2 protein chains.
Amino acid sequence: MKEKLTCECTVIHEDVIKAVQTKLPKNDEISKVSDLFKVLGDKTRLKIISALLKAEMCVCDISCLLNMSQSLISHQLRVLRNARLVKFRRDGKVVYYSLNDEHIEIIVQYGLEHINESGEVDETN
Amino acid sequence: MKEKLTCECTVIHEDVIKAVQTKLPKNDEISKVSDLFKVLGDKTRLKIISALLKAEMCVCDISCLLNMSQSLISHQLRVLRNARLVKFRRDGKVVYYSLNDEHIEIIVQYGLEHINESGEVDETN
DNA sequence: ACCTCATATGAATAATTGTTCATATGTTTA
DNA sequence: TAAACATATGAACAATTATTCATATGAGGT
């Protein structure tokens, strides 16, 4: 007879569960990684990142390039800064942003490969 | 004299903007990639993915393992299915899920490396 | 000291997304 | 065919997040 765990359903493969249980990333690692992907999972921010992959740019440049308000770009740059994806330097009134991490290019690159290989994402829920 | 573009601010580096402009990914590529990261940018889904990295599992297994309701797991598996991150096979009443794509492991791996190297994410807005 | 310009930010609103609850579907077994 | 169980799903609600608008900050030039 199978025993119940904390969930509402009968455990089907307790051995598998036990084996996997010990190998799961820690909760706070999961948190951090999902926060990272959350930051990458936004069109505006991904456009900013794509731009910064090509060149260091100031807020105004990015705003012009993407045709989005300065305020929006500034807000999103803050999110990118908090996630340590971008760094900045100040030169007089102008603040220049650039990417902070080589991983980002690779991650975004893999993302592109994935979508190019696996075809359309099914948007119908 | 500098000319105005569609944005509200004076263009500071028109040359940079023009150079970058041609190299940006297409809008629909940006959309698809950000959709992918959006899917990865959720703790529950990332836990499911982490589990499936280790073994094929049925819905009930995952639900038990993560101590989350069957309904929640099922909903999130649908999101993962729509994004083609997981595949499934049915065996009687039981539906087994597994990862659909080798990229995912690499992307998640890079995510982990990023967060381990760049220290804490600043949560203070 | 004042004006201008680049950037940042708080607060309000709009939009999206995650979770729960109730229930439906589909398969197996009695 | 009825009961039992695994999974799926619609609708409501809760929570989070993106965007806008108004305004603040901070630096440079006059």
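No experiment lies behind these values; they were computed from the predicted model shown. In what follows, every chain begins at residue 1, and chains take the letters A, B, ... in the order their sequences are listed.
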**Prompt:** Within a strict 4.5 Å, meaning less than it, do heavy atoms of the L80(B) and L77(B) side chains meet?
**Reply:** yes

**Request:** Would you check if L99(A) and E105(A) make a side-chain contact, meaning some heavy-atom pair closer than 4.5 Å?
**Result:**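 In short, these two side chains do not touch, never coming nearer than 4.5 Å.
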
**Message:** Pick the closest DNA chain D nucleotide for V59(B) and for G92(A) by heavy atoms, then say which residue is nearer the 5' end.
**Reply:**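 Here V59(B) is the residue nearer the 5' end.
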
**DNA chain D: 5'-proximal contact among F88(B) and K93(A) (nearest heavy atom)** = F88(B)

Could you tell me how far apart [X] ([atom1]) and [N] ([atom2]) are, to the nearest whole angstrom?
| X | N | atom1 | atom2 | result |
| --- | --- | --- | --- | --- |
| I12(A) | dA4(D) | CD1 | P | 17 Å |
| I62(A) | dT7(C) | CD1 | P | 9 Å |
| R89(A) | dG26(D) | CZ | P | 20 Å |
| D42(B) | dT19(C) | CG | C1' | 10 Å |
| D61(A) | dA6(C) | CG | C1' | 11 Å |
| L80(B) | dT9(D) | CG | P | 14 Å |
| K43(B) | dT19(C) | NZ | C1' | 14 Å |
| R90(A) | dT25(D) | CZ | C1' | 9 Å |

**Request:** Please evaluate the base of dT19(C) for a donor-acceptor partner in the side chain of S69(B) within a cut-off of under 3.5 Å?
**Result:** no

**Request:** Record whether the side chain of S71(B) comes under 3.5 Å of the base of dT9(D) through a donor-acceptor pair of N or O atoms.
**Result:**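 Looking at the base of dT9(D), it does pair with a donor or acceptor on the side chain of S71(B) (distance under 3.5 Å).
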
With respect to the side chain of [X], which nucleotide from [options] is positioned closest?
| X | options | answer |
| --- | --- | --- |
| V95(A) | dT9(D), dT20(C), dT7(C) | dT7(C) |
| L72(A) | dT20(D), dT7(D), dA6(C) | dT20(D) |
| V94(A) | dC21(D), dA6(C), dT7(D) | dA6(C) |

**Request:** Just call it for Y97(A): base, sugar-phosphate, or nothing, with non-hydrogen atoms closer than 4.0 Å on any strand.
**Result:**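 Result for Y97(A) = sugar-phosphate.
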
**Message:** For dT9(C), is there a stacking contact with H75(A), counting only centres under 5.5 Å and planes under 30°?
**Reply:** yes

**Asked** Can you say whether the rings of Y97(B) and F88(B) are parallel (under 30°), tilted (30 to 60°) or perpendicular (over 60°)?
**Response** tilted

**Complete:** The salt bridge (charged side-chain N to carboxylate O under 4.0 Å, His left out) partners of K18(A) (sequence neighbours excluded) come to E14(A)

N or O in side chain of [X] less than 4.0 angstrom from [N] OP1/OP2:
| X | N | result |
| --- | --- | --- |
| R45(B) | dG18(C) | yes |
| Q70(B) | dA6(D) | no |
| T44(B) | dT19(C) | yes |
| K38(B) | dT17(C) | yes |

**Message:** If I take atom NZ from residue K47(B) and atom CD1 from residue I30(A), how far apart are they, to the nearest 0.5 angstrom?
**Reply:** 7.0 Å

**Item:** side-chain contact (heavy atoms from CB on, under 4.5 Å) between L65(A) and Q21(B), intermediate numbers included
**Value:** CA-CA 7 Å; L65(A) 173 67; Q21(B) 220 152 26; 3.8 Å; yes

